[in-house]
Amino acid sequence: NDEVAMDPVECDARWWELYRRYIPDIDYDGVEEAPQNRWQRQAHIQTAPFYYVEYGLAQLGAVQVWANALQDQAGAVKSYRRALSLGGTVPLPKLFETAGARLAFDAETLREAVELMEGVIEELDAA
């Protein structure tokens, strides 16, 4: 949202909203303003805007490799090691494919990853 992004106060408010949503366990009562503009000190937001996107890409691939390992651990490890051996010599979609994963952001791929993680969390909570 270009218009909102031009207003530092709006950016501070949005950062604070997201910060509290994803890091809810830190008590900032009485000093709420302290972290509100922290996004300005995260230099990579301005200098490397896809920095955090890479975490999401890596996690999506890792969850798919994990799902494969739950079905066939030896095969999943073999595919993963084959992908590692390619290093930076192939495009990322090919690297994912070699590891037995898909570089895709469609509803099905994301649903499968989320369902696996939620299912394991429920199992662990029940234990």
Side-chain angles (χ1 to χ4, degrees):
N1 187 328
D2 294 344
E3 201 169 300
V4 173
M6 296 299 290
D7 182 355
V9 174
E10 289 288 334
C11 291
D12 289 352
R14 183 67 174 144
W15 172 269
W16 182 237
E17 176 187 329
L18 292 169
Y19 193 91
R20 296 299 293 160
R21 178 178 178 187
Y22 293 107
I23 307 176
D25 297 328
I26 298 176
D27 181 6
Y28 283 102
D29 287 346
V31 292
E32 291 85 356
E33 69 282 350
Q36 286 186 18
N37 66 357
R38 182 172 175 163
W39 66 272
Q40 295 176 20
R41 294 188 303 274
Q42 300 291 116
H44 51 273
I45 290 174
Q46 288 83 22
T47 61
F50 289 101
Y51 179 85
Y52 287 120
V53 172
E54 291 174 4
Y55 284 114
L57 294 174
Q59 184 170 10
L60 183 58
V63 170
Q64 291 177 74
V65 170
W66 175 38
N68 294 341
L70 293 173
Q71 300 300 314
D72 174 14
Q73 186 171 5
V77 170
K78 183 177 180 180
S79 295
Y80 179 65
R81 290 180 63 130
R82 191 175 325 113
L84 289 176
S85 74
L86 295 174
T89 65
V90 297
L92 194 56
K94 181 66 177 171
L95 197 61
F96 268 58
E97 179 185 322
T98 303
R102 291 188 324 269
L103 182 60
F105 304 101
D106 58 280
E108 180 183 348
T109 301
L110 296 173
R111 180 186 48 75
E112 290 171 0
V114 169
E115 285 179 356
L116 173 59
M117 290 183 285
E118 287 179 340
V120 170
I121 290 169
E122 287 174 14
E123 288 175 21
L124 293 171
D125 282 345

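Worth saying up front: this structure is predicted, and the values here are computed from it rather than measured. Start at 1 with the first residue, then count along the sequence.
- Hydrophobic cluster membership of Val77, counting Ile, Leu, Val, Met, Phe, Trp and Tyr whose side-chain heavy atoms lie under 4.5 Å apart directly or via other members: none, as it forms a cluster of its own.
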Kindly indicate, with the supporting measurements, whether the criterion side chain to side chain contact (heavy atoms under 4.5 Å, CB included) is fulfilled by Leu57 and Leu92.
CA-CA 10 Å; Leu57 294 174; Leu92 194 56; 4.1 Å; yes

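- Crowding of Arg81 atom CZ: a count of heavy atoms from other residues, nucleotides or ligands under 6.0 Å not exceeding 12.
- Follow the hydrophobic side-chain contacts under 4.5 Å out from Ile121 and you never reach Trp66; the two are in separate clusters.
- What you find for Gly100 and Asn68 is that their closest heavy atoms are O-ND2, 2.7 Å.
- Of the inter-residue distances, the one linking Thr89 atom OG1 with Leu95 atom CG reads 8.0 Å to the nearest 0.5 angstrom.
- Residue-environment remark: CZ (Arg21) stays at or below the threshold of 12 foreign heavy atoms within 6.0 Å.
- Here the CG atom belonging to Leu103 is positioned 11.0 Å from the CD atom belonging to Glu97, to the nearest 0.5 angstrom.
- Partners of Arg102 according to the salt bridge (charged side-chain N to carboxylate O under 4.0 Å, His left out) rule, which considers only residues two or more places apart in sequence or in another chain, do not exist here.
- In this structure, the separation between CG on Asp125 and CD on Glu118 is 11.5 Å, given to the nearest 0.5 Å.
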Show your reasoning for whether side chain to side chain contact (heavy atoms under 4.5 Å, CB included) applies to Arg14 and Glu10.
CA-CA 6 Å; Arg14 183 67 174 144; Glu10 289 288 334; over 6 Å; no

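- Within the 4.5 Å cutoff, the side chain of Thr98 has no heavy atoms near those of the Val90 side chain.
- Taken together through direct or relayed side-chain contacts under 4.5 Å among Ile, Leu, Val, Met, Phe, Trp and Tyr, Val63 and Tyr52 form parts of separate hydrophobic clusters.
- In the hydrophobic clustering of ILVMFWY residues, with side-chain heavy atoms under 4.5 Å counting as a link, Val9 and Met6 come out apart.
- For CD of Gln59, the number of neighbouring non-hydrogen atoms (other residues, nucleotides, ligands) closer than 6.0 Å is 12 at most.
- Environment of CZ in Phe96: crowded, with over 12 heavy atoms of neighbouring residues, nucleotides or ligands closer than 6.0 Å.
- The aromatic rings of Tyr51 and Tyr55 lie perpendicular to each other, with more than 60° between the two planes, well past the 30° mark.
- In terms of modelled atom types and a separation under 3.5 Å, the side chain of Arg20 and the main chain of Ile26 share a donor-acceptor contact.
- Residues Ile23 and Val31 share a hydrophobic cluster, clusters being chains of Ile/Leu/Val/Met/Phe/Trp/Tyr side chains in contact below 4.5 Å.
- Gly61 and Ala101 make their closest contact through O-CB, 4.2 Å (heavy atoms, listed as atom of the first residue, atom of the second, distance).
- Two residues are said to be in side-chain contact when any heavy atoms from C-beta on lie closer than 4.5 Å; Phe105 and Leu60 meet this criterion.
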